[in-house]
Every structure is written in C-alpha cells, then in structure tokens.
There are 2 protein chains.
Amino acid sequence: MASDKRLPSQQLKSEIIRSIRTALLELGRATKAELCQRLQYSFPTISKFLMQMEEAGEVTISGLDESSGGRRAIRYAYNPNYRLGMAIFLEKNETNYTIYNCIGEVIKEGNLPSILEEDVSTLVSLIEDEKKTNPKIQSVAIGVPGAVKHGKIFLIPGYEKYQNLNLKRCIEDQLSIPTIVENDMNAAVIGYMTQKNLKENISLMYLYLGKNGPGAGIAVNGEIVRGKTFFSGEVQFIPQYDNRNFIEALTGDHGGSSMQSDYKVDAISRLVATITSILNPHYIIFCEDELAPALLNQIAECSATYVPKEHLPELAVSDLKCDYLIGLQSLGLGLLVSQQID
Amino acid sequence: MASDKRLPSQQLKSEIIRSIRTALLELGRATKAELCQRLQYSFPTISKFLMQMEEAGEVTISGLDESSGGRRAIRYAYNPNYRLGMAIFLEKNETNYTIYNCIGEVIKEGNLPSILEEDVSTLVSLIEDEKKTNPKIQSVAIGVPGAVKHGKIFLIPGYEKYQNLNLKRCIEDQLSIPTIVENDMNAAVIGYMTQKNLKENISLMYLYLGKNGPGAGIAVNGEIVRGKTFFSGEVQFIPQYDNRNFIEALTGDHGGSSMQSDYKVDAISRLVATITSILNPHYIIFCEDELAPALLNQIAECSATYVPKEHLPELAVSDLKCDYLIGLQSLGLGLLVSQQID
DNA sequence: CTGACTTATTAAACGCGTTTAATAAGTCAG
DNA sequence: CTGACTTATTAAACGCGTTTAATAAGTCAG
C-alpha cells in the first residue's frame, strides 16, 4: 500500500485550491469577497491562495469593479489555458482525440486508425508525442468500449492487449500524467449530466440501441452504476414477452402484419416501464440518430399503458458522440482541477 | 436558511469524536495508539478527546495491556449505555417500538395498536413519555409504510394525518431529539447491509412479495434508491409476458395444467434476470417466510436461462422483520454517534 | 537490584486557517 | 476640496491539530 499518509492540513490545502478553481471556472470572474462568501473560507485564506495562483499565472486580474460605495474590489479570472487536457476515444474503427482547455474549448483534434489491436505502447507514444509538443497537457481521459473500474479494464471483448490492463496506472507510471479511464456509455452519461448541469441525486439511463445489440449507461444518485460483474446496462437480456427478450423483440422476426416500427416502440416502451418500476429515474436518453423525435411521443404514450404516467421519466434524445466527448473532458477537467499548485 | 455557518474547526472536532466513537464501537476496546493508527489523527488529539469522553462517562478504562517491552498501554472501552436510541415501527395493524443501546442490545420493547390513523400528537406523546422515564434516549428512528425523503413523508396512501408531513422536523422541533424517518423496505435494506457488514459500493435488492402486491427496497453503490417520484421498487408493474406484468404473473389465473409454483418461479426468475441486466447487483434478498429455501435453487436455475449465469447475484433469504429493526437501529445509532459531546 | 532498552504518555513549539483590529481606497454631500 | 461614510484589503492575535522533544513506566540480562 502506498504512503497515503496525507496530513489533514495538506488535504485541506488541496481542497481549498480545488474549490477556488471550480468556483472561478463556474463563475467566470469573481472577487475575493464573492469567493469567500461562496466557499465559506475566510478572506485571508482566499487571498493567500489567490495570490499564489496569480503569481503562477493560473489566475489573472480582469479589472476593478465599479465602486459600491467604497474601495473598488479587484476581480479575478481563471486562465483557461493554464493547463490542458487530452481526451482519447479508443474505438473499433478509429482513434479520435482532442486537446482542450479548462473551459472546454478544443485546441486540437486528431484522428488515427484504431489502435485497440496494437500494443499499449502505441497509445503511450501518442500521448507522449502530444505532451512533447504541448507540455501544458496535464491530464488524460481515455474512453474505451469495455468495462472499467478504478482505471483497470476488466472486460474488453476482442482486444486481448487491453484485457485486464490497468491502463490508468500504466500511463501514470510511464508518463507521470494524471489519467482516468472510463467506459464509453458511462462517459456519455457523465457528459449528459455535465452538459445539462444536473445536480447530484439525479438518476438516468442513456440507451444505445446499436447495430449489434443495445447497451445502456446508468447513473443512480449521480453515480455511475457498474455492477457486481460489470454487467449493468446489458439490457438486451431483459425478458419482455413470453418468448422474446429485449434484443429479440428489437430485431427478431415477428411474422407479419404489424408495422415495422410498432413492435420496436412496444419493446422500448416496456423497457422504459421496467426501468421506471425499478429505478424511477429522472431521465431516459436515446441517441438522436437512432430514434426519430416523433417516436418519443409514441414511446411515452405506450409506456403509460404499463406504468402510471406521472412516474415516467423525461424522455429525450441527445448526441451520443458529443456527450461522450463532454464526459471525457469533464473527467479530465476533474483531474486538472485537483492538481497541486506549481 | 438556517445559520449553517459551522466553522471548519467545529466540523473537524465533530468528525474526530464521531470517528473515535465508531472505531471504539467496532473494535470493542482499544488503546490510544491503536486509535490514532486507525483514524490517522495524532496521539495528542486522540488523547485529548478520549480524556473528555472518559470524564463524561462515555468511555471507561477497561484495564492495562500486557507490556510489549515497555510501559503498559491503557485500554479504553465504549460505555454502550451512555446513550440510548428508540426505534418505532408504524404499521397498519400495530405499533412496535424498542429502546436499544449503542451495541444494539434491546433494553425495552413496547407494543401498541396502530396509531397511523390518529393525530401525530399520539406519536409525539409516546416518545415524550418514554424519554421521561428514560432520559438517556437521544435519538429516534421511525419506520413508515410510505415514501420518505429527508424526513418528509411524501406519500403514505390511506393515512392522511401523515401525508406530506415532515415528521423528522415535527419531532425534532417539539422534543429536541435527533430523529430520522425511513421507509420500511429501505430500512430493511440498510439493516441487511449493516448486519452482513457489507462495504460501500454494494448493490442489492430486497424483495417483498406481499399479500397485496410486491415491493422492493433497492440500494445502489451502498445508497438507497428513491427515484424521481418515489416510485422506485414498484416492481409489480414490470411487463414480463405478452399480456402480464409481474403482479399479474404472480397472482393471476393461468388456466390450468402447470404446477402452482412453476409460474411463480418463472416470474420471479424473470425479475431476477431483469434486475441483473439493469443493475447487476451483488445480492437479491427474499423474505424467508415467503419463499421456501428450495425455491431459491429453482429460481437461480431458471434465471440462468435468461442471463449468463456468472452475472447473477447471490440469492438469499432473510428475516424482514429483523432486518427492518436492525436498519432502524443502525440509522438511530448513526445519529447517536454524530452527536456533540456533553 | 541496577542500568540499558522499550514503549506509552505528556509537554512544548509549530503551522495554518480564522477572527478581529487596523489601514487603504474609494464615494458623496455641502 | 474636505470630512463623514463605505467597502476592500492587510496585519496582528488566536485556536487547534500536528510535530517533535522530554518524561514516565515498564522489561530484562547480568
């Protein structure tokens, strides 16, 4: 076990810095008085850390406030380019990555063939090279099509090189950059929550129907659900009809007369009703390229035949790719914001 | 908004006391050195608080350790009767309550007719009277057959006197005893986790089949799931067959030939498979008076026809009444342990 | 039964965030 | 343009947990 003997005072210091950073990023600009009001630390404490951060170039003075009857207050702004993050999407067919700053602006985008079947060193080199040309990169967030817990990839069918690899530790040990690894659908869930600014204690399911079978990312009480064997969200197996589970109902042969989309709507509605009965989440999100907005109403109506209407979640469509990106960036930003002051 | 301007130092102090109490209750007896090893506070700090607690009678010296080569260490024990808790079960047909100490020993049991249809003052008087004869009672935990959030009863069909009542605030304001209110099934979930000493990040469902329809308490990542409209766990609505949901499958007419328990087993197995596909929990618990142990194996086997076996949760039976009690006691103990020192 | 050695406990000095007092830098009426 | 009044900032004193040094209370070989 590593020496995690972090003194309470050290911990407190880190927490103060972290909270100043997030407050400044959220507010855009703030005075010392506003920060100590919001963060419940004393003026001298805020003042001390803000001075250090200004000296390091992490915050800048953006001007003086108008006087409200007395001495004019100094207004501070966070320097969004002080540190950068790198988000990497490892996919079957390609590898995308972005370099972004603390307010989510993308500085650079990159695209490569898939490296999932190659040795991990390929990925390490990619990061190392980008870090060389851009030394401000201080966090890496990697999305993978597999089950991840605490940075270790427990299950990633078809890619032996990554199976059972602690990718987080691997990169942190070799490159000394704080790293986070997350499953793709879970990152999308995090991205959606970030984007909609959903507070904690929100529950939602993000459903991806897919060509090769559906999958879902789920958050309960604001936290990602992983499950005992990383099987959570594998909704394809849910028994829905006498002889068909969800994937069979979605794709199977139904011998006949009904409209092609009717049985799909019923299957999805049954899933919505099931999730509602179990988790009663606030939202269920579908991929906008998989589901015509008109179908949402049909699904809502049909779900209400199974479950009292007032308990149904809000149904919405969203851009999975975009949420995935925002999720990874948000995870990476969390690392940036927690880092020690230089 | 109340004056929640609690100084960081005050907060830290409370946290130190809380952690000493839980450590001492968990360990039974401990030396100062063991406590500061475990809790990561310095020796002088532990020493100071332990002295205060000893003066107050909250901890006692249980003797000296054998020497391990030097001065013999003093071993301290928590006084389990220093403070007591009261757990109250409000039910349709009766009202039960227990008074218990910090190690869960029941000091007194009481039984009354149901008071759910009476005015809340009946409940307040009950607590007040017990508190008079036993002033050591410093926490109240109340279990109700309804949906609760932060002490407020949002939904309790059939009992208007309690509907939309903030029972926690009501009792705390009138009697100045820290109070917690929780739903019955959720309390059972908490009780089961406490009893089995399950760490955080565990997920489980506690299923009650019931005479008037099934219901479930669910914990995900160690936290109770309440849902957007307190509807979570209402598994009776889950569509399971072409024309039957869970409650219909459990109770309905199946026209004939199959054994009475066969369709029940299939319906429950489908529920197990569904929960597994969505949450992949570690445990699903049934009530031991509702399900013969032999059925568990049948359910496990049948579930495996819907979902790969390795992902199934551990299925177990337990005593609901007992778990409910332990859950309430555990919640009340949490209050006791968080209280300020006298 | 003494002195070298352990280990537990107490006492003094320190570090750091908070509280409170002092100072700096504005506004505005007359 | 001065003085009463605001508001922001800085400086000094304080509180409390930690670190480090000193002391207390044992063991054990010879």
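Residue numbering restarts at 1 for every chain, and letters A, B, ... go by the order of the sequence lines. On a predicted model such as this, the values are computed, not experimentally measured, just so you know.
The side-chain hydrogen bond (donor to acceptor under 3.5 Å, both in side chains) analysis of residues 134-143 of chain B, with sequence neighbours excluded, yields no pairs. Pairs passing the salt bridge (Lys or Arg N to Asp or Glu O under 4.0 Å) check and including a residue from residues 39-50 of chain A, sequence neighbours excluded, do not occur.
For Y283(B), there are no side-chain hydrogen bond (donor to acceptor under 3.5 Å, both in side chains) partners, not counting sequence neighbours. Not counting sequence neighbours, Y76(A) has no partner by the ring-ring contact (aromatic ring centres under 6.0 Å, His included) test. Partners of F154(A) according to the ring-ring contact (aromatic ring centres under 6.0 Å, His included) rule, which considers only residues two or more places apart in sequence or in another chain, are F230(A). Under the rule for a ring-ring contact (aromatic ring centres under 6.0 Å, His included), Y100(B) has no partner lying at least two apart in sequence or in another chain. Under the salt bridge (charged side-chain N to carboxylate O under 4.0 Å, His left out) criterion, R75(B) pairs with E34(B), D65(B), sequence neighbours left out.
Proximity of residues 59-71 of chain B to DNA chain C (heavy atom under 4.0 angstrom from any strand atom) is restricted to S68(B), G69(B), G70(B), R71(B). Proximity of residues 48-57 of chain B to DNA chain C (heavy atom under 4.0 angstrom from any strand atom) is not detected for any residue.
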Mind listing the side-chain donor-acceptor pairs of residues 169-177 of chain A below 3.5 Å, one per line with the distance, residues two or more places apart or on another chain?
{"unit_1": "E172(A)", "atom_1": "OE2", "unit_2": "K168(A)", "atom_2": "NZ", "d": "3.1"}
{"unit_1": "E172(A)", "atom_1": "OE2", "unit_2": "T179(A)", "atom_2": "N", "d": "2.9"}

For DNA chain D, the dot-bracket pattern of Watson-Crick and G-U pairs whose distances stay under 3.5 Å, | for other-strand partners: ||||||||||||||||||||||||||||||
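Ion pairing between a basic and an acidic side chain is recognised when a charged N comes within 4.0 Å of a carboxylate O; E182(B) and K149(B) show no such pairing.
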For nucleotides 28-30 of chain D, which of its nitrogen or oxygen atoms have a protein nitrogen or oxygen under 3.5 Å away, and what is each distance?
none

